[in-house]
Amino acid sequence: MKVVNLKQAILQAWKERWSDYQWSINMKKFFPKGATWDILNLAEALLEQAMIGPSPNPLILSYLKYAISSQMVSYSSVLTAISKFDDFSRDLCVQALLDIMDMFCDRLSCHGKAEECIGLCRALLSALHWLLRCTAASAERLREGLEAGTPAAGEKQLAMCLQRLEKTLSSTKNRALLHIAKLEEASSWTAIEHSLLKLGDILANLSNPQLRSQAEQCGTLIRSIPTMLSVHSEQLHKTGFPTVHALVLLEGTMNLTGETQPLVEQLMMVKRMQHIPTPLFVLEIWKACFVGLIESPEGTGELKWTAFTFLKIPQVLVKLKKYSHGDKDFTEDVNSAFEFLLKLTPLLDKADQRCNCDCTNFLLQECSKQGLLSEASMNNLMAKRKADREHAPQLKSDENANIQPNPGLILRAEPTVTNILKTMDADHSKSPEGLLGVLGHMLSGKSLDLLLAAAAATGKLKSFARKFINLNEFTTHGSEESTKAASVRALLFDISFLMLCHVAQTYGSEVILSDSSTGAEVFFFETWMQTCMPEEGKILNPDHPCFRPDSTKVESLVALLNNFSEMKLVQMKWNEACLSISAAILEILNAWENGVLAFESIQKITDNIKGKVCSLAVCAVAWLVAHVRMLGLDEREKSLQMIRQLAGPLNSENTLQFYNERVVIMSSILEHMCADVLQQTATQIKFPAMGMDSMPYWNLLPPKRIKEVLTDVFAKVLERGWVDSRSIHVFDTLLHMGGVYWFCNNLIKELLKETRKEHTLRAVELLYSIFCLDMQQVTLVLLGHILPGLLTDSSKWHSLMDPPGTALAKLAVWCALSSYSSHKGQASSRQKKRHREDIEDYISLFPLDDMQPSKLMRLLSSNEDDANILSSPTDRSMSSSLSASQLHTVNMRDPLNRVLANLFLLISSILGSRTAGPHTQFVQWFMEECVDCLEQGSRGSILQFMPFTTVSELVKVSAMSSPRVVLAITDLSLPLGRQVAAKAIAAL
């Protein structure tokens with residue numbers, strides 16, 4: 001008999017009662033090779049014939065079971081066929097279908113093309129929907145049966161449905177396939193959620209507790225599918241987190257003016273990467289603040305730390321609150337953090353003693369004001385701390401009773417900053433005397449530093465500086481004016497000039513500079529500061545045109561200074577005077593050197609320079625510092641003597657208002673300016689810094705080779721387990737001196753020397769925080785040079801053994817994630833200041849058109865054994881280095897993107913090579929750490945740079961062959977990413 005179609009072949013087999021193996025032999029004769037059984041829809045045809053009557057046809061069902069067992073039909077075609085049956089009233093048919101599902105539902109697999117694997121995901125989703133509908137129908141019948149008094153039949157079928165559901169869902173592999181299917185077919189997932197709700201309503205009234213709990217368990221498993229990647233366990237066995245501690249110390253010590261958002265993102269990144277519970281995370285922030293307060297150098301340093309702790313950190317916590325899942329939860333976490341903090345009595349007592357007040361009290365009030373603590377919690381915590389303080393007699397001594405505590409002063413200074421900004425907005429020409437009164441009041445005592453610290457901590461320092469630049473510009477020259485008006489103008493110019501110099505030296509010159517991209521007018525002070533003001537690491541040329549103004553102006557200024565009568569202030573152009581003073585000083589120096597002027601004349605001239613306005617003295621010393629650097633040792637004496645003369649105060653009655661206050665600021669400015677040159681010339685100059693603090697952290701490095709200093713400081717930090725402010729400054733200085741590659745390479749060598757696991761983990765936490773001094777550049781060096789060097793040189797593989805290898809993998813991932821998440825934003829001010837070295841032209845790693853694979857890519861991907869890893873027509877043409885980043889069109893001109901893509905190509909090449917060793921193990925640790933640190937959905941993460949072909953190589957490594965790992969490392973937002981994941985998971 002010539003068979004025409006599939007249906008006829010099945011009917012003939014049934015009529016002639018063929019056995020199952022006989023049926024399969026004859027079927028292969030009837031249908032020659034070419035079309036597969038799935039294309040002919042064999043599974044669906046068999047089920048259709050088997051389910052014609054009220055009970056299933058056992059012979060035809062045996063053919064289907066044989067076809068499944070001998071893999072004539074794929075699992076996806078069987079699941080699709082089952083999900084089309086919807087007459088749930090035919091119990092025996094339903095039970096037969098459930099039995100067929102039982103054969104394979106917990107061991108699904110597919111070794112075909114990527115599209116077939118995606119087909120399996122979709123079929124499983126349809127089958128899940130069918131099972132839920134079937135369960136709902138069985139539960140409905142059970143309810144009707146209970147009412148009719150015949151529950152047994154319905155209960156048996158419901159139990160069977162729930163059993164299959166549980167069996168299907170308890171497999172992580174199946175849930176991973178469903179996770180992919182959900183992203184492929186969002187509408188089908190919505191239908192499943194509806195069915196789940198409907199089933200919940202029906203089962204709510206079920207009396208059998210066993211069936212009800214089984215159904216609830218299945219519901220929980222289904223609901224967990226969309227979030228199966230975001231389950232992270234928190235670290236509960238640790239109480240100290242040195243990375244958070246060091247990050248906060250680093251920010252408080254070196255970046256008070258920085259915006260809060262980058263700090264918040266960096267802290268959140270650390271919290272995620274290290275899985276830190278929120279209460280302990282907040283506690284670590286407070287601990288670091290108190291340590292910073294205790295350690296801070298007296299004067300400005302202490303005020304900066306106070307502003308950071310009491311003004312900036314509460315703002316940081318307000319932003320962190322937005323990342324938490326609920327306001328109530330976060331306030332409870334903050335409360336728990338304070339409960340823990342109150343147990344650290346010695347720390348709090350020391351901070352209280354340093355600040356001469358109850359620091360915790362101020363902090364609690366500030367947190368309550370910002371909505372971080374409820375009033376009841378605040379009062380409860382205050383009472384506990386008050387009771388604790390009763391036992392500390394040293395906190396109640398009377399000798400400090402008259403000193404006002406800094407926290408109180410800082411909190412009061414914050415609203416004052418706002419008022420001063422408003423005052424500065426007024427028209428300066430209308431009431432210059434009133435404005436002078438306000439500024440004079442700011443100069444007294446430590447008011448200026450208090451206000452600047454409060455402005456810096458609240459992000460207002462830049463606008464504060466801008467207002468003073470405008471004022472300074474306004475007062476550079478006056479038209480017709482009286483003697484009194486001229487002296488007020490001179491004072492306003494002088495005070496604003498000194499304040500701006502002080503701000504630039506205390507908080508960095510970038511606070512002063514306007515954004516060049518706005519095209520705004522550049523004022524006199526900005527020009528002077530950029531070209532004439534000495535700063536750390538800035539070398540000035542004393543013969544620069546900026547120091548050589550119009551000769552007639554210089555001559556008139558020399559004449560004015562050499563005049564033994566008082567300096568005239570009326571219609572004085574102060575900007576011209578400041579720019580001409582350098583050339584005038586050169587003339588005077590030459591005259592002195594050649595014996596034209598005696599020392600007494602020089603004294604008179606220097607008195608004239610600093611007698612009215614201190615800013616002239618500052619400009620003169622700025623040039624002298626540049627000039628001294630260019631002179632030989634024996635030529636410097638007169639220049640240094642002139643600096644000495646300009647630095648001392650004038651003992652004269654006939655000075656302008658606020659002279660002593662201005663001299664204090666001038667001395668501080670000159671000390672900072674001369675520090676480098678005095679150190680180099682081994683000269684000492686006594687600066688009359690009345691009330692101003694001398695320079696903290698100055699001249700830190702002992703006279704040793706810098707590599708020894710680096711290893712010594714790191715060893716001490718590692719032994720102690722946390723980084724202190726002084727060490728941060730030492731590391732920063734060494735980073736300046738040695739450069740990024742030297743700094744990073746030597747610290748990594750120290751890490752690789754460690755052999756104890758707990759030491760290596762501690763070293764990673766500390767190194768990450770030290771690298772935050774310049775995370776972007778360190779990451780480029782670490783991932784672009786140091787790691788490739790270790791991974792490609794077999795003589796260095798031994799250093800990658802566990803534990804240092806695991807630790808290095810962890811550190812590399814942390815640095816990569818941090819840099820990648822923050823490099824879209826702006827570099828922080830402390831990183832902008834650093835002189836950049838040419839790390840390498842990373843462009844050579846990739847062609848600039850981003851389309852053709854570079855020579856490096858071709859070399860790395862040439863050892864792929866299986867060119868058709870993704871064997872669909874679209875996959876075959878794909879370069880084996882294609883990654884999600886190329887489909888997302890990530891900018892490959894960016895050095896960090898380039899380095900990441902290069903590193904992942906190297907990883908892919910190591911996994912695909914035939915040589916295994918510690919470097920292969922290192923790659924595994926690196927990928928495991930990536931998975932561990934990732935949030936759900938890796939779009940925009942560093943793993944998007946991994947070539948798709950790496951996935952199939954990775955699952956061959958036993959530790960990585962889990963469905964969750966595959967989901968985590970592939971970009972599921974892309975159709976190709978989902979195909980790659982489905983193919984890898986279906987083959988597990």
Side-chain angles (χ1 to χ4, degrees), residues 239-241 244-245 248-249 252 277-299 301-314 316-317 330-414 446 450 453-454 457 722 724-725:
T239 52
F241 299 94
V244 177
H245 188 99
V248 174
L249 269 178
T278 309
L280 296 179
F281 175 63
V282 177
L283 169 68
E284 200 62 57
I285 294 174
W286 288 136
K287 271 161 63 177
C289 286
F290 278 108
V291 169
L293 271 177
I294 294 163
E295 280 186 352
S296 59
E298 278 188 31
E302 191 180 341
L303 292 179
K304 280 182 173 183
W305 259 107
T306 312
F308 180 74
T309 304
F310 295 92
L311 292 176
K312 191 167 184 176
I313 288 294
V316 167
L317 289 180
F330 193 75
T331 51
E332 282 170 13
D333 288 337
V334 173
N335 184 42
S336 305
F338 272 115
E339 291 278 6
F340 290 136
L341 185 66
L342 291 186
K343 291 176 182 159
L344 305 175
T345 312
L347 178 73
L348 299 185
D349 286 354
K350 207 161 176 55
D352 286 2
Q353 207 171 350
R354 175 73 202 266
C355 297
N356 190 33
C357 66
D358 183 350
C359 293
T360 322
N361 203 336
F362 279 114
L363 211 46
L364 290 168
Q365 285 178 19
E366 201 56 26
C367 288
S368 176
K369 204 194 299 176
Q370 300 291 351
L372 297 165
L373 270 178
S374 66
E375 200 164 331
S377 304
M378 178 187 77
N379 294 333
N380 174 35
L381 291 162
M382 277 181 176
K384 283 185 181 175
R385 179 62 188 147
K386 191 179 176 186
D388 228 8
R389 277 170 61 90
E390 295 296 319
H391 304 298
Q394 74 273 22
L395 299 180
K396 290 184 264 182
S397 62
D398 296 330
E399 61 191 63
N400 296 332
N402 301 327
I403 303 172
Q404 282 194 299
N406 283 337
L409 292 172
I410 279 285
L411 291 168
R412 286 209 297 280
E414 195 243 342
K446 57 182 179 183
L450 269 169
W722 52 281
D724 61 318
S725 325

Query raised in the report: How far apart are the closest heavy atoms of Leu381 and Phe338, and which atoms are they?
Result: CD1-CB, 3.6 Å
Report task. Hey, could you give me the CZ/SG distance between Phe362 and Cys367, rounded to the nearest 0.5 Å? Result -> 13.5 Å
**Report entry** Straight-line distance of Thr309 OG1 to Asn406 CG, nearest 0.5 Å
**Finding:** 11.0 Å
**Report entry** Working for side-chain contact (heavy atoms from CB on, under 4.5 Å), residues Arg389 and Thr345
**Finding:** CA-CA 9 Å; Arg389 277 170 61 90; Thr345 312; over 6 Å; no
Requested in this report: Could you check if a side-chain atom of Val334 sits within less than 4.5 angstrom of a side-chain atom of Gln370, using non-hydrogen atoms only?
Outcome: no
Report task. Check whether any side-chain heavy atom of Leu341 sits under 4.5 Å from a side-chain heavy atom of Phe290, and report yes or no. Result -> yes
Query raised in the report: Below 4.5 Å, heavy atoms only, C-beta onward: do Arg354 and Cys359 meet side chain to side chain?
Result: no
Query raised in the report: Hey, does Thr331 have a side-chain heavy atom less than 4.5 Å from the side chain of Ser377?
Result: no
Query raised in the report: Thr306 side chain to Glu302 main-chain N or O, any donor-acceptor pair under 3.5 Å?
Result: yes
Query - Listed partners of Lys369 passing salt bridge (Lys or Arg N to Asp or Glu O under 4.0 Å), at least two apart - result: Glu366
**Report entry** Distance-only polar pair, side chains of Gln365 and Asn361, donor-acceptor under 3.5 Å
**Finding:** yes
Requested in this report: Take Leu409 and Lys446, measure what side-chain contact (heavy atoms from CB on, under 4.5 Å) needs, and give me the verdict at the end.
Outcome: CA-CA 10 Å; Leu409 292 172; Lys446 57 182 179 183; 3.8 Å; yes
Query raised in the report: Are Val291 and Ile294 side-chain neighbours, meaning at least one heavy-atom pair lies under 4.5 Å?
Result: no
Query raised in the report: What closest approach, in Å, do Ile313 and Cys289 show between heavy atoms, and which atom pair accounts for it?
Result: CG1-SG, 3.6 Å
Report summary line: Nearest heavy-atom contact between Glu295 and Ser725 is OE1-OG, 2.6 Å
Requested in this report: Would you name the heavy atoms of Pro279 and Ser336 that are closest together and state the gap between them?
Outcome: CB-CB, 3.9 Å
Query raised in the report: Quick one: are Trp286 and Leu317 in side-chain contact, heavy atoms under 4.5 Å?
Result: yes
Requested in this report: Nearest 0.5 Å please: distance from the CG atom of Asn335 over to the CZ atom of Phe330.
Outcome: 12.0 Å
Query raised in the report: Could you walk me through whether Arg385 and Leu363 pass the side-chain contact (heavy atoms from CB on, under 4.5 Å) check?
Result: CA-CA 12 Å; Arg385 179 62 188 147; Leu363 211 46; over 6 Å; no
Report summary line: Phe241 and Glu284 have their tightest heavy-atom pair at N-OE1, 2.9 Å
Query raised in the report: Going from OG on Ser296 to NZ on Lys304, what distance comes out if it is rounded to the nearest 0.5 angstrom?
Result: 11.0 Å
**Report entry** Inter-residue atom distance Thr360.OG1 - Lys384.NZ, 0.5 Å rounding
**Finding:** 13.0 Å
Report summary line: Between Glu339 and Asn380 the two heavy atoms that sit nearest each other are OE2-ND2, 3.8 Å
Query raised in the report: If you round to the nearest 0.5 Å, how far is CG of Asp333 from CG of Leu283?
Result: 12.0 Å
